[in-house]
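As structure tokens, the structure follows; a few thoughts come after it.
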Amino acid sequence: MEAWFHTLADATSACARADEVMVLSISAEQSDFVRFNGGRVRQPGSVLQHNAQMRVIAGGRQSVSTIALQGDGDDRERVRSATSAARDGLVDLPIDPHILFATEVRSSASYRQGKRPDATAIVTSIVDEAANLDLVGIYS
């Protein structure tokens, strides 16, 4: 994931003009869920999503473009296109007197992982405990 981020950051940096500040933010989620209704499993599912936000700052103006990513090689082109779209939006914006951005490169990362319990065992336990009940809920 980190190498993929750096690939996208390089694509963003390559788009930057001399008078611009570029900020790239990536968020990603991978999770599973089960929806219960009437004490039974009604909808199991998974979520896998990646999003990027490109912020272009120039001439006292800032514009943001947010896109969904696919996690593949075409993401570089998606980032370049979104950066171009954000840049194109700058001309229509007023100067922002409150604009703030870091003048030194500072990177941050937040990883949240934990040891997940066995989902099958948990769902089975919930269904067993909900026998003859009108349980409605979601396990994620």
Side-chain angles (χ1 to χ4, degrees):
M1 176 71 74
E2 192 168 338
W4 174 68
F5 171 80
H6 287 291
T7 298
L8 297 181
D10 291 343
T12 303
S13 294
C15 295
R17 296 179 181 160
D19 62 335
E20 294 177 333
V21 173
M22 308 290 269
V23 179
L24 171 68
S25 300
I26 301 275
S27 62
E29 173 189 1
Q30 181 178 357
S31 60
D32 299 317
F33 67 91
V34 175
R35 187 175 63 84
F36 298 93
N37 193 339
R40 296 200 277 184
V41 173
R42 298 296 181 190
Q43 179 188 24
S46 296
V47 174
L48 176 60
Q49 61 185 9
H50 306 88
N51 297 299
Q53 182 184 74
M54 281 66 59
R55 183 174 163 207
V56 179
I57 304 166
R61 295 170 172 85
Q62 65 178 329
S63 180
V64 175
S65 182
T66 302
I67 59 170
L69 300 172
Q70 303 298 313
D72 60 18
D74 292 337
D75 283 341
R76 287 187 303 274
E77 186 55 39
R78 290 180 189 98
V79 165
R80 283 192 284 269
S81 294
T83 300
S84 179
R87 179 182 292 122
D88 292 346
L90 286 173
V91 297
D92 297 325
L93 298 172
I95 291 177
D96 182 351
H98 306 291
I99 193 169
L100 293 173
F101 57 88
T103 56
E104 297 176 17
V105 175
R106 299 214 184 234
S107 297
S108 65
S110 174
Y111 299 94
R112 293 183 178 101
Q113 291 181 312
K115 185 177 180 195
R116 294 187 287 179
D118 179 62
T120 303
I122 289 175
V123 170
T124 300
S125 175
I126 291 170
V127 169
D128 289 347
E129 292 295 323
N132 302 317
L133 298 175
D134 187 22
L135 172 77
V136 176
I138 189 165
Y139 171 73
S140 175

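Note that the coordinates shown come from a computational prediction; the quantities given were computed from them, not determined experimentally.
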Fill in: Atom CZ of Arg42 with >12 non-hydrogen neighbours under 6.0 angstrom
yes

Discussion item. Closer than 3.5 angstrom, by distance alone: can the side chain of Thr83 be matched with the main-chain N or O of Val79 as a donor-acceptor pair?
Written reply: yes

Worksheet item: What distance do Asn51 atom CG and Ile67 atom CD1 have between them, rounded to the nearest 0.5 Å?
Response: 8.5 Å

Worksheet entry | Minimum heavy-atom distance Ala68-Arg78, with the two atoms named | O-CD, 4.1 Å

Worksheet item: Going by heavy atoms in the side chains, are Val136 and Phe36 under 4.5 Å from each other?
Response: no

Discussion item. So, taking the atom named CG in Leu24 and the one named CG in Leu8, what distance separates them when rounded to the nearest 0.5 Å?
Written reply: 6.5 Å

Practice prompt. With sequence neighbours left out, write down each residue that passes side-chain contact (heavy atoms from CB on, under 4.5 Å) with Val47, or none if nothing qualifies.
Written response: Glu29, Ser31, Phe33, Gln49

Discussion item. Return the CD1 to CZ distance between Ile138 and Arg35, rounded to the nearest 0.5 Å.
Written reply: 8.0 Å

Discussion item. If you count heavy atoms of other groups shown closer than 6.0 angstrom to CZ of Arg80, is the number above 12?
Written reply: yes

Practice prompt. Any pair with a residue in residues 10-28 that passes side chain to side chain donor-acceptor pair (under 3.5 Å), sequence neighbours left out, goes on the list, sorted by first then second residue, please.
Written response: Glu20-Arg87

Worksheet item: Taking the side chain as C-beta and beyond, is there a heavy-atom pair between Arg55 and Phe101 under 4.5 Å?
Response: yes

Please tabulate, for the side chains in residues 118-135, all donor-acceptor contacts under 3.5 angstrom to protein atoms that are two or more places apart in sequence or on a different chain.
residue: Asp118; atom: OD2; partner: Ala121; partner atom: N; Å: 2.9
residue: Thr124; atom: OG1; partner: Thr120; partner atom: O; Å: 2.8

Practice prompt. Count the heavy atoms belonging to other residues, nucleotides or ligands that lie under 6.0 Å from CD of Glu77, then report whether that count exceeds 12.
Written response: yes

Worksheet item: When clusters are formed by joining ILVMFWY residues with side-chain heavy atoms under 4.5 Å apart, either directly or through shared neighbours, do Ile99 and Leu90 land in the same one?
Response: no

Worksheet item: Checking side chain to side chain contact (heavy atoms under 4.5 Å, CB included) for the pair Asp96/Arg61: CA distance, chi angles, key distance, verdict?
Response: CA-CA 6 Å; Asp96 182 351; Arg61 295 170 172 85; over 6 Å; no

Worksheet item: Between OG of Ser81 and CG of Asp88, what distance do you get to the nearest 0.5 Å?
Response: 10.5 Å

Worksheet entry | Minimum-distance pair of heavy atoms, taken over all atoms of Leu93 and Gly89 | CG-O, 3.3 Å

Discussion item. Whether the side chain of Asp75 engages the backbone of Gln70 through a donor-acceptor N/O pair (distance < 3.5 Å, no angle test) should be reported.
Written reply: yes

Worksheet item: Going by heavy atoms in the side chains, are Gln43 and Val34 under 4.5 Å from each other?
Response: no

Worksheet item: Minimum heavy-atom separation for Met54 to Ala82, with atom names?
Response: CE-CB, 3.0 Å

